[in-house]
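No experiment lies behind these values; they were computed from the predicted model shown. Proteins get letters first, then strands, A, B, ... in listed order; numbering begins at 1 in each.
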Amino acid sequence: MSQLDFSTTLGNAWFPTPIFTASGCASSGKELSQFFDLRDMGAIVTKSIMTKPRAGRATPRMAETPSGMLNSIGLQGPGIDTFLSNDLAWLVEQKARVIVSIAGETAEEFASLARRLRGVAGISALEVNISCPNVENRGMVFACHLESAQTVIEGVRRTIGGDLPIIAKLSPDVTDIVSIARGVIDAGADGLALINTVLGMVINPNTMRPHLGGRTGGLSGPAIRPIAVRAIYQVHEALPKVPILGMGGVSSGADAFELIMAGASGVSVGTASFGNPTAIVKIQNELRQILTVKGFSSLREAVGFAHRPENSVR
Amino acid sequence: MSQLDFSTTLGNAWFPTPIFTASGCASSGKELSQFFDLRDMGAIVTKSIMTKPRAGRATPRMAETPSGMLNSIGLQGPGIDTFLSNDLAWLVEQKARVIVSIAGETAEEFASLARRLRGVAGISALEVNISCPNVENRGMVFACHLESAQTVIEGVRRTIGGDLPIIAKLSPDVTDIVSIARGVIDAGADGLALINTVLGMVINPNTMRPHLGGRTGGLSGPAIRPIAVRAIYQVHEALPKVPILGMGGVSSGADAFELIMAGASGVSVGTASFGNPTAIVKIQNELRQILTVKGFSSLREAVGFAHRPENSVR
Amino acid sequence: MTGINRSAAQLLATIVGNKKVGQYHQILISVGELVSQCKPGNFVAISVGGPNSRMVLRRAFAISRTTTSPQYGGAIELIVAPFGSGSSWLCGLSEGEQIDITLPLGTAFGIPTTSVNALLVGGGYGSAPLFGLAEVLKERGCRVDMLLGASTGSKIYAPLEGKRSVNSLRIFTEDGSMGETGRITAPIAQLVSELQIDVIYSCGPMAMLKAISEILAGGDVVHQCAVEEAMACGIGICMTCVLPVKDESGKINNLRSCIDGPVMDGSAIEWDLVGKTLVL
Amino acid sequence: MTGINRSAAQLLATIVGNKKVGQYHQILISVGELVSQCKPGNFVAISVGGPNSRMVLRRAFAISRTTTSPQYGGAIELIVAPFGSGSSWLCGLSEGEQIDITLPLGTAFGIPTTSVNALLVGGGYGSAPLFGLAEVLKERGCRVDMLLGASTGSKIYAPLEGKRSVNSLRIFTEDGSMGETGRITAPIAQLVSELQIDVIYSCGPMAMLKAISEILAGGDVVHQCAVEEAMACGIGICMTCVLPVKDESGKINNLRSCIDGPVMDGSAIEWDLVGKTLVL
Ligand SMILES: Cc1cc2nc3c(=O)[nH]c(=O)nc-3n(C[C@H](O)[C@H](O)[C@H](O)COP(=O)(O)OP(=O)(O)OC[C@H]3O[C@@H](n4cnc5c(N)ncnc54)[C@H](O)[C@@H]3O)c2cc1C
Ligand SMILES: Cc1cc2nc3c(=O)[nH]c(=O)nc-3n(C[C@H](O)[C@H](O)[C@H](O)COP(=O)(O)OP(=O)(O)OC[C@H]3O[C@@H](n4cnc5c(N)ncnc54)[C@H](O)[C@@H]3O)c2cc1C
Ligand SMILES: Cc1cc2nc3c(=O)[nH]c(=O)nc-3n(C[C@H](O)[C@H](O)[C@H](O)COP(=O)(O)O)c2cc1C
Ligand SMILES: Cc1cc2nc3c(=O)[nH]c(=O)nc-3n(C[C@H](O)[C@H](O)[C@H](O)COP(=O)(O)O)c2cc1C
Ligand code: FES
Ligand code: FES
C-alpha cells in the first residue's frame with residue numbers, strides 16, 4: 001500500500017487524496033470534524049455561498065426516496081462576510097484544504113463573490129455552482145443554457161485572474177451535457193464538477209400535494225450513480241484533458257473507483273455522509289485498497305481507464 | 001369498493017382500469033398470461049415494434065443498480081409482419097386490450113409503421129416511442145429535439161387519420177420536457193407517455209470497461225420515480241387537458257397513486273414485473289383500495305389532484 | 001449555537017432487549033461507556049434496513065433512559081413506534097443483532113440549578129425521555145408533575161417504575177380509552193397557575209408543542225420543548241431540519257433542530273413561520 | 001420456442017434447510033405439489049433482500065434436486081455460492097424464513113427414450129442439477145459418467161449420495177487441491193471415444209460450455225448444455241438474457257436463455273457471437 005501515489009490535481013491545485021466532501025453536504029466542515037480529521041481527506045468543498053445571508057426554502061426540505069433522497073434547501077447560508085470571518089477562518093486554522101463553492105442569482109453576483117475570494121489565503125480552488133436559478137432569466141438554471149453558463153464562468157475568470165482553479169459545477173438536467181461542458185471550458189473554467197442533483201418530486205400521500213416546501217427538489221444518492229457515471233464518461237470522452245471532480249451516489253470505494261474509471265480525477269461524497277458520518281474515511285480506505293489490489297501504482301493511471309481500448313495494459 | 005369508477009381514457013380510448021404494462025417490459029403479453037389474465041388490466045403496451053426483424057444490442061444487456069436497473073436491449077423484435085400475424089393476433093384472440101408501441105430509425109419508418117397498423121382491428125391506441133436514435137441525424141434521439149420529435153408525430157398523425165389515439169413517448173433526458181410535450185401535442189399527438197428510461201452507465205469493476213454491450217443503457221425502476229413524478233407534474237401543469245400515461249419506478253399502488261396525483265390518467269408498470277410477475281395485479285388492487293379509502297368515487301377525480309389549491313375539497 | 005456534538009461517537013452496538021409495550025417497542029441497546037454522555041433530550045441516529053437497504057438516511061430516536069447492568073454494561077433505551085419502513089425494521093430486530101448508531105446527538109433539557117416546579121408534558125412516544133428527566137429533576141429537589149396524552153390508550157407510554165419519580169401523573173386520550181377524555185393541552189393553563197409552575201418540559205408532536213407555546217405566550221413560564229423535524233443527517237451537515245428561531249436581538253434565523261435542538265426554547269420558535277419561506 | 005412456462009407459479013415458500021457444504025450453501029425450500037413439475041435443468045427465480053431491498057431483480061438458481069418428506073412435503077434443493085449481495089442474502093436465511101419464488105422456469109434436460117451413454121460435465125455449482133439428472137438417466141438404463149471441475153477443491157460440489165447414481169466420477173481442480181490437477185475439459189475428447197458417449201450434459205461457466213462445444217464440433221455427440229446468462233426477469237419478458245442460436249435453416253437469432261433455455265443445444269449456439277452485435 002505504501003507505494004500507491006494517491007494524490008490528485010484539479011487544475012493547478014494538488015490534493016493528497018482524491019476524496020472530497022460534496023458542496024452542501026458537509027456544512028462548513030466543523031460538524032464532521034467531530035468524526036474524523038479533516039486533513040485526512042482531499043479537501044472540504046464548502047456549501048455554496050452567496051453574497052447575502054439566506055434563509056433558504058420552506059420546510060419540509062427533504063424526502064427519502066428509493067436509494068436516494070430529494071432535498072430542497074434553497075442555498076441557506078450565512079453570506080460571504082460571515083463565511084469568510086467564521087467558517088473559512090476556522091477551516092484555515094484547522095489546516096484543512098478548502099474548495100469554496102459559490103452561487104449567485106445573477107452573473108454579476110458570481111463575479112463579485114469571486115472578487116471577494118481573490119487573494120484570500122487557504123483556498124485551493126473555486127467551485128462555481130451554476131446549477132441554480134438565474135433570477136434575471138425567468139429563474140432558468142444557469143447550467144441548463146450554454147450562454148448563461150458561459151457568461152457566469154467568463155465573469156468569474158475575468159475577476160479571479162489566472163491562479164485559482166475554477167471548477168464549473170454542471171447540472172445533469174440537460175439534453176447535451178457535453179456541449180455545456182465544452183462551453184464552460186471555452187469560457188475559462190479549469191475543470192468540471194459532475195453532477196449536481198437531478199430534478200425530482202415526491203407527492204405526499206397524506207396531504208396529496210408536493211411534499212417539499214419548494215415543490216421540486218434535487219435527487220441525490222446511489223439512485224443517481226448510473227447517471228453520474230454516464231455524464232462523467234461522456235464528458236471525459238469529449239474532453240479527456242479536462243479534470244473532473246465526480247460525484248453522485250458514491251458510498252463505497254468501489255463506487256468512487258467507478259467514477260474514476262469513467263474519468264473523474266477526484267470524487268465528492270455527499271448524501272453518503274448523511275447516512276454515515278465516517279463515510280468519507282471508509283470510501284478513502286476502500287479506494288486505496290482497490291487501486292492497490294488492481295495493481296495501479298498511482299491514482300492518475302486509473303483516471304478514465306474505462307475509455308482505453310479493450311486490450312490496453314495498465 | 002363497488003362504487004369506485006376505476007376506468008380511464010387516453011384520447012378516445014377507454015380502459016376499465018388505469019394500470020398497463022410498460023413497453024418492452026412484457027414482451028407481447030404471452031409470457032405474463034401464465035401468471036394472470038391479461039383482460040384484468042388496462043391494456044398490454046407491446047414492446048416497440050420496428051419494420052424489420054432486429055437482433056438488438058450485444059450482451060450484457062442489463063446491470064442491476066441501487067433500486068433500479070440499466071437495460072440496453074436495442075429494440076430486439078420480430079418486425080411488423082411477424083408481430084401482426086403472431087403476437088398481435090394472439091393478443092386479439094385473448095381479447096386483451098392492446099396499445100401498440102412503434103419505433104423507427106427515420107421519421108418515414110414511423111409513418112410507414114403507422115400505415116401498416118391503420119385499420120388493424122383490436123388496437124386501442126398507438127404509442128410512438130420517439131426515445132430512440134434518429135439514424136438520419138447523427139443518432140440523436142428523436143425525443144431530445146423538438147423538431148425531429150414533431151416531424152415524427154406529424155408523419156404518424158397524417159398517416160393514421162383521426163381515429164386511433166396517438167400517444168407520444170418522451171425521454172426525460174432533455175433540458176425542457178414541457179416544450180417537447182407541447183411541441184408533439186401541437187404536431188398531432190393525443191396524449192403523452194412519460195417517462196422513458198434515463199440514460200445511464202455502469203462500469204464493470206473486473207473488466208474496468210462499460211459493463212453493457214451498448215456501453216450506455218436506460219435506467220428504470222424505483223430509483224427514477226422522483227424524476228417521473230416531476231416530469232408528469234410539470235407537463236400536467238402546463239397542459240392540464242392532455243392525457244398522460246405515466247411510468248417510471250412504479251411497484252406499488254401507492255406509487256401509482258403518486259403518478260396519478262401528479263397528473264397521469266394511466267400508469268404503466270415496467271421493471272416491477274421483472275421482480276414480481278404479478279406486480280400488475282398487486283398494484284391494481286392496492287390502487288383501487290387507496291382510492292376507495294381516500295374517498296374518491298372515480299379514478300378521474302384523482303388525476304392531477306396534487307395541482308389543486310391547498311384548501312380545495314375532493 | 002452548539003456547533004458540534006462534542007461527545008458524539010459512531011459505533012456498532014448490540015440490541016440487548018426488544019419488548020412490545022402497547023403500540024410501541026421498548027428497545028435496549030448496549031453502548032458501553034457512552035451512557036455517561038447521554039442526557040435527557042439527546043437523541044441517537046440509527047442506520048436502518050441492513051446492508052442491502054434502499055433507505056439511505058438514518059432515523060432519529062430520543063434516548064428514553066440509560067441503564068447499566070453487569071450483563072451488558074451501559075445501555076440506552078428507546079421507545080419506538082413501528083410507523084414506516086425504518087422504524088418497523090428496527091422493531092423487528094432481535095436480541096444480539098447489531099446496529100450502526102451515532103450518539104449522543106443534539107441538545108439536552110436544561111436542568112435548573114435550584115429546585116423549581118416543573119410540569120412535564122408528553123404526547124405519544126414523546127413521553128419517553130420525560131421519565132429520565134423526571135428522575136434528574138427529582139434529584140435536584142424539584143416538584144415534578146406530568147401530563148401524558150395520545151389519541152388512544154395503546155399510544156400512551158407510561159412505565160410503572162417511571163411513575164415513582166413524579167408527584168402526579170394525569171393521562172389524557174382523545175378517544176377516552178385511557179385516563180381522562182380530551183386533549184393534553186386542555187388542563188395546562190390551570191395547572192400552571194395552581195401548581196405555580198416555573199418550567200414546562202415538553203416532547204411530542206409539533207402541533208402539541210406549538211399549542212403549549214401559545215398557552216404560555218407572554219407569561220414567565222420557561223418552555224423547553226424537544227422538537228421533531230424531519231432530519232436527513234442528524235449531525236448538522238445537511239440543513240434539512242431547520243426551524244425559525246428568534247435570537248436575543250429579535251432576528252429570526254432558520255436553526256438546525258438536530259444540533260441547535262432538539263431541545264429548544266419554545267418561546268423563541270416562531271411557530272407560525274414553520275413551513276413558511278423566511279425572508280432575512 | 002417454448003413461449004411460456006406452462007407450469008410456472010409464484011409462491012411464498014419456506015426455507016426448511018440451509019447447510020454449508022464447502023464454499024456453497026445447500027438450501028432446501030418447501031414448495032408442495034410443485035415438485036412434481038420440476039425437472040432437471042429447470043430453475044427457480046428468487047426475490048432477494050427483503051421488503052426494503054434495493055435489489056429490484058430476482059436471482060436465478062438451478063434446481064439441484066427435489067425431495068418429498070413427511071415433515072415439509074415437497075421441497076427443492078439449491079446449491080448457492082455466496083457471491084454477491086443477492087446470493088449472500090439468500091445464504092444468510094434461517095430455517096423457517098419465507099421467500100418469494102417463481103418456479104419451475106425454463107427448459108429441462110432432454111431425456112433419451114432409449115438407453116444411451118451419457119457424460120455429465122459440471123463446473124463449480126454447475127454440478128448441482130447433474131446428480132438429479134443422473135438418477136433419471138440411470139432409471140432409463142443409461143450408462144452415466146461424470147466429470148466435475150473447479151478452480152479449487154472447496155468449489156467442487158459432489159454429495160456422497162449423488163455418487164451412487166453414476167458409473168464413474170472424476171474430479172479436476174486447477175490448483176490440484178482435490179482429484180486430478182487440470183481443467184475439466186482436458187479428458188473429454190478421449191472419454192467420448194473410450195466410453196462411446198452419445199450425449200454430453202453440461203452445466204457450468206459459459207467458457208466451459210463453449211470449450212466443450214468446440215471439442216465436440218463436427219462430431220455426432222449431442223451436447224445439452226445449461227447456460228447462464230444474466231437474467232433480469234427469468235420469465236421471458238425483458239430480452240436481456242439472449243444468446244445467438246442457429247435454427248434449422250441456418251439462421252441465427254437471439255433467443256432468450258430463460259425461456260428457450262437454460263438447457264440448449266450446444267451445437268446450435270454460436271459461441272463466437274456471444275457478446276457481439278448480431279446483424280439479421
Ligand atoms: C429528534 C427526533 C426524535 C425522535 N424520537 C422518536 C422516538 O423516540 N420514537 C419514535 O418512534 N420515533 C421518533 N422519531 C421519529 C423517527 O425518527 C422516524 O421518523 C419515524 O420512526 C418514522 O420513520 P420510518 O422509517 O418508520 O418512516 P418512513 O415514512 O419510512 O420515513 C421516511 C422519512 O421521513 C422521515 N420522517 C417520517 N416521519 C417523521 C416524523 N414524524 N418526524 C421526523 N421525520 C419523519 C424519516 O426520518 C425518514 O427520513 C424522532 C424523530 C426525531 C427527528
Ligand atoms: C439459469 C441460471 C441458473 C443459475 N444457477 C445458480 C446456482 O445453481 N447456484 C448459484 O450460486 N448461482 C446460480 N446462478 C447465478 C445467480 O443467479 C446469481 O447471478 C449469482 O448468485 C450472483 O448474484 P448476486 O446477487 O450474489 O451477485 P450480484 O453481483 O449482486 O448480482 C448483480 C446482478 O448480476 C447478475 N449476475 C451476477 N453474476 C451472474 C452470473 N454468473 N450469471 C448470471 N447473472 C449474474 C445477477 O443476477 C444480478 O442481477 C444461476 C444463474 C442463472 C441465469
Ligand atoms: C442536502 C444537499 C444540499 C446540497 N447543496 C448543494 C450546494 O449548496 N451547492 C452545490 O453545488 N451542490 C449541492 N448539493 C449537491 C451535491 O453537492 C452533489 O452534487 C449531489 O448531492 C450528488 O452527490 P451525492 O449523491 O453524493 O449526494 C447538495 C446536495 C444535497 C443532498
Ligand atoms: C428491459 C426494458 C426494455 C424496454 N423497452 C422499451 C421499448 O421497447 N420501448 C419503449 O418505449 N420503452 C421501453 N422501455 C422503457 C419502459 O417502457 C419504461 O418507460 C421505463 O422502464 C420506466 O418504467 P419502469 O421504471 O416501470 O420500468 C424498456 C424498459 C426496460 C427496462
Ligand atoms: S438533520 Fe442535517 S442539519 Fe439537521
Ligand atoms: S431474463 Fe428476461 S427475457 Fe430472459
Side-chain angles (χ1 to χ4, degrees), chain A residues 63 65-70 140-141 144-145 171-177 180 198-205 207-211 215-217 219 221-234 249 251 254-255 257-262 290 294 302 305-310 314, chain B residues 63 65-70 140-141 144-145 171-177 180 198-205 207-211 215-217 219 221-234 249 251 254-255 257-262 290 294 302 305-310 314:
Chain A
T65 67
S67 297
M69 67 172 283
L70 287 181
M140 308 285 256
V141 172
C144 288
H145 298 276
S171 163
D173 295 325
V174 294
T175 307
D176 180 7
I177 197 157
I180 309 272
V198 181
L199 197 65
M201 179 185 275
V202 158
I203 295 173
N204 182 314
T207 64
M208 302 199 279
R209 298 296 183 298
H211 179 69
R215 296 210 294 180
T216 58
L219 184 61
I224 68 165
R225 198 171 63 239
I227 305 175
V229 171
R230 182 264 299 173
I232 294 165
Y233 187 93
Q234 288 178 323
S251 59
D255 299 343
F257 183 54
E258 192 181 3
L259 268 62
I260 288 165
M261 291 188 289
I290 289 170
K294 297 258 175 206
F305 197 88
H307 296 263
R308 308 215 189 152
E310 280 294 332
R314 196 156 309 131
Chain B
T65 67
S67 298
M69 67 173 283
L70 287 182
M140 306 286 255
V141 172
C144 288
H145 297 277
S171 164
D173 295 326
V174 293
T175 307
D176 180 8
I177 198 158
I180 309 274
V198 180
L199 197 66
M201 179 184 276
V202 159
I203 296 174
N204 183 314
T207 65
M208 302 199 278
R209 298 295 184 295
H211 179 70
R215 298 211 292 180
T216 58
L219 184 62
I224 68 166
R225 199 171 63 238
I227 305 175
V229 171
R230 182 264 299 171
I232 294 166
Y233 187 93
Q234 287 178 323
S251 59
D255 299 344
F257 182 54
E258 192 181 3
L259 269 62
I260 288 165
M261 290 189 290
I290 288 169
K294 297 256 177 207
F305 198 89
H307 296 263
R308 306 213 191 154
E310 279 296 330
R314 197 156 307 130

Under a 4.5 Å cutoff for heavy-atom pairs, which residue among [options] has the most contacts with chain A?
{"options": "B:A231, B:P226, B:A63", "result": "B:P226"}
{"options": "B:P205, B:G221, B:G68", "result": "B:P205"}
{"options": "B:M140, B:E258, B:Q234, B:M201", "result": "B:M201"}

Proximity breakdown for [X] and chain B, heavy-atom pairs closer than 4.5 Å:
{"X": "A:A262", "value": "both"}
{"X": "A:I227", "value": "both"}
{"X": "A:V202", "value": "both"}

Side chain to side chain, A:S251 and A:P222, heavy atoms closer than 4.5 Å: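 Side-chain contact under 4.5 Å: yes.
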
- prompt: So do B:M208 and B:N204 actually touch side chain to side chain, heavy atoms under 4.5 Å?
  reply: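 No. Closest side-chain heavy atoms not under 4.5 Å.
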
message: Run the side chain to side chain contact (heavy atoms under 4.5 Å, CB included) test on B:M69 and B:L219 for me, step by step, so that the C-alpha distance in whole Å, both residues' side-chain angles and the decisive distance to 0.1 Å come before the verdict.
response: CA-CA 6 Å; B:M69 67 173 283; B:L219 184 62; over 6 Å; no

task: Return the set of residues passing side-chain contact (heavy atoms from CB on, under 4.5 Å) with A:S171 (not counting sequence neighbours), or none when no residue passes.
output: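 Only A:S131, A:A143, A:C144, A:D173 meet the side-chain contact (heavy atoms from CB on, under 4.5 Å) criterion with A:S171.
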
- prompt: Taking only residues two or more places apart in sequence or in another chain, which ones pass side-chain contact (heavy atoms from CB on, under 4.5 Å) with B:A306?
  reply: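 B:A306 satisfies side-chain contact (heavy atoms from CB on, under 4.5 Å) with A:I203, A:P210, B:Y233, B:M261 only.
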
- prompt: Counting distance only, does the side-chain N/O of B:T175 pair as donor-acceptor with the main-chain N or O of A:T175 below 3.5 Å?
  reply: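 Checked: pair present.
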
message: Using a 3.5 Å distance criterion without hydrogens, assess whether the side chain of B:K294 forms a donor-acceptor pair with backbone atoms of B:A302.
response: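 Judged by distance alone, no pair lies under 3.5 Å.
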
- prompt: Which bit of B:V174 is near chain A, if near means a heavy-atom gap under 4.5 Å: side chain, backbone, both or neither?
  reply: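 Its backbone and side chain both get close to chain A.
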
query: Non-hydrogen atoms of chain A under 4.5 Å away: do they reach the side chain of B:L199, the backbone, both or neither?
result: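 B:L199 touches chain A through backbone and side-chain heavy atoms alike.
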
task: Among the options A:V229, A:T207, A:L259, pick out the one with the most heavy-atom pairs lying under 4.5 Å from chain B.
output: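 Option with the greatest count: A:V229.
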
task: Heavy-atom pairs under 4.5 Å with chain B are the metric here; pick the option from A:R230, A:H307, A:R215 that has the most.
output: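 When all of A:R230, A:H307, A:R215 are compared, A:R230 has the most.
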
